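To start, the structure itself, in structure tokens.
Note that this is a predicted model, so its numbers are computed, not measured. Heads up: numbering here begins at 1 and tracks the sequence.
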Amino acid sequence: MNRTSRSNRIPASWRPLAVGLLLLVTGCGGAGSPATPGGVDEDTFVGVYVELRRAAATAATDEDFVAERDRILAEFGVTEARLERFIDDHADDAAYLSDVWDRIDRTLRGELDAEGNPVEVGAPAAESDEGDS
């Protein structure tokens, strides 16, 4: 049985955006950049992209993904063009886009919450038992 990971499948309509983002995130480190007029801010971009990746991973068909994509874009009040503008607005700062992509990846892996803060998984057992002895 040929098992292709759905989480790695990107619908054809989103491939240019995904390829563009991947090509631009080749740097590492860097400071954040503010949102530009008419574009979306970083938190919105990350939130939308995370939800779109989750939708792509769970959609049974491309049609299901398109319907979910449209719902997500409407929920966040953005368009595909505004998401592309975010990338265009920061195209000269590959380090910043790398940080944004890292935040998206870490959020998808459950390491960061929606605001980009580390997820607390609890204190290790050795630390929590120190006060009991």
Side-chain angles (χ1 to χ4, degrees):
M1 178 171 144
N2 182 8
R3 294 196 63 188
T4 302
S5 172
R6 248 188 238 164
S7 64
N8 292 328
R9 182 180 59 130
I10 298 173
S13 62
W14 279 84
R15 286 187 184 125
L17 177 62
V19 169
L21 183 59
L22 289 172
L23 291 175
L24 292 172
V25 294
T26 57
C28 56
S33 297
T36 58
V40 298
D41 60 77
E42 179 182 330
D43 288 341
T44 301
F45 182 83
V46 169
V48 170
Y49 204 88
V50 165
E51 292 305 313
L52 290 172
R53 291 300 301 137
R54 288 178 176 152
T58 59
T61 66
D62 285 346
E63 293 79 19
D64 290 343
F65 173 77
V66 169
E68 187 63 8
R69 176 200 65 197
D70 293 346
R71 185 198 64 76
I72 292 166
L73 293 176
E75 178 183 316
F76 280 89
V78 299
T79 63
E80 186 175 345
R82 288 182 66 202
L83 294 175
E84 290 172 355
R85 180 160 180 191
F86 178 89
I87 295 169
D88 291 342
D89 288 346
H90 301 288
D92 62 339
D93 193 350
Y96 171 70
L97 287 176
S98 177
D99 288 344
V100 171
W101 182 254
D102 182 60
R103 181 175 164 196
I104 291 167
D105 181 56
R106 293 182 66 201
T107 302
L108 286 167
R109 288 187 285 142
E111 296 175 9
L112 300 176
D113 64 16
E115 288 79 37
N117 300 313
V119 173
E120 305 242 353
V121 294
E127 290 181 13
S128 62
D129 290 339
E130 287 179 359
D132 294 337
S133 4

Mind checking whether [X] and [Y] have side chains closer than 4.5 Å, heavy atoms only?
X     : Y      : value
Asp64 : Glu68  : no
Asp70 : Val66  : yes
Glu42 : His90  : no
Leu83 : Val48  : yes
Phe86 : Val100 : yes

Point to revise | Side-chain donor/acceptor of Ser98 to backbone N/O of Ala94, under 3.5 Å | key: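 Pair absent, no side-chain N/O of Ser98 close to backbone of Ala94.
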**Study point:** Exam field: side chain Arg82 to backbone Gly77, donor-acceptor pair closer than 3.5 Å
**Key:**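 Side chain of Arg82 to backbone of Gly77: a pair is present.
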**Study point:** Hydrophobic cluster membership, Tyr96 vs Phe45, 4.5 Å side-chain cutoff
**Key:**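 Tyr96 and Phe45: one cluster.
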Practice item. State plainly whether one hydrophobic cluster holds both Val46 and Leu112, where clusters connect Ile, Leu, Val, Met, Phe, Trp and Tyr through side-chain heavy atoms under 4.5 angstrom apart. Key: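 No.
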**Study point:** side-chain contact (heavy atoms from CB on, under 4.5 Å) between Phe65 and Leu52, intermediate numbers included
**Key:** CA-CA 8 Å; Phe65 173 77; Leu52 290 172; 4.3 Å; yes
Check your understanding: With Glu75, which residues qualify under side-chain contact (heavy atoms from CB on, under 4.5 Å), at least two apart?
Key ->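 Scan of Glu75 (side-chain contact (heavy atoms from CB on, under 4.5 Å), adjacent residues dropped) gives Arg71.
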Exercise for review: Please round to the nearest 0.5 Å and tell me the distance separating atom CG of Leu108 and atom CZ of Arg103.
Suggested key: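 The distance works out to 11.5 Å.
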**Study point:** Straight-line distance of Ile104 CD1 to Glu51 CD, nearest 0.5 Å
**Key:**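 The CD1 atom of Ile104 sits 11.5 Å away from the CD atom of Glu51.
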Point to revise | For Leu73 against Glu80, the heavy-atom pair lying closest together | key: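 Shortest heavy-atom contact: CD1-N, 4.2 Å.
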Exercise for review: Might you point out which heavy atoms bring Ile72 and Ala55 nearest each other, and give the distance in Å?
Suggested key: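 Scanning both residues, the minimum pair turns out to be CD1-CB, 3.9 Å.
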Review point. Between Asp62 and Arg69, does at least one N-O distance fall below 4.0 Å, as a salt bridge requires?
Key: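 Judged by the 4.0 Å cut-off on N to carboxylate O distance, Asp62 and Arg69 do not form a salt bridge.
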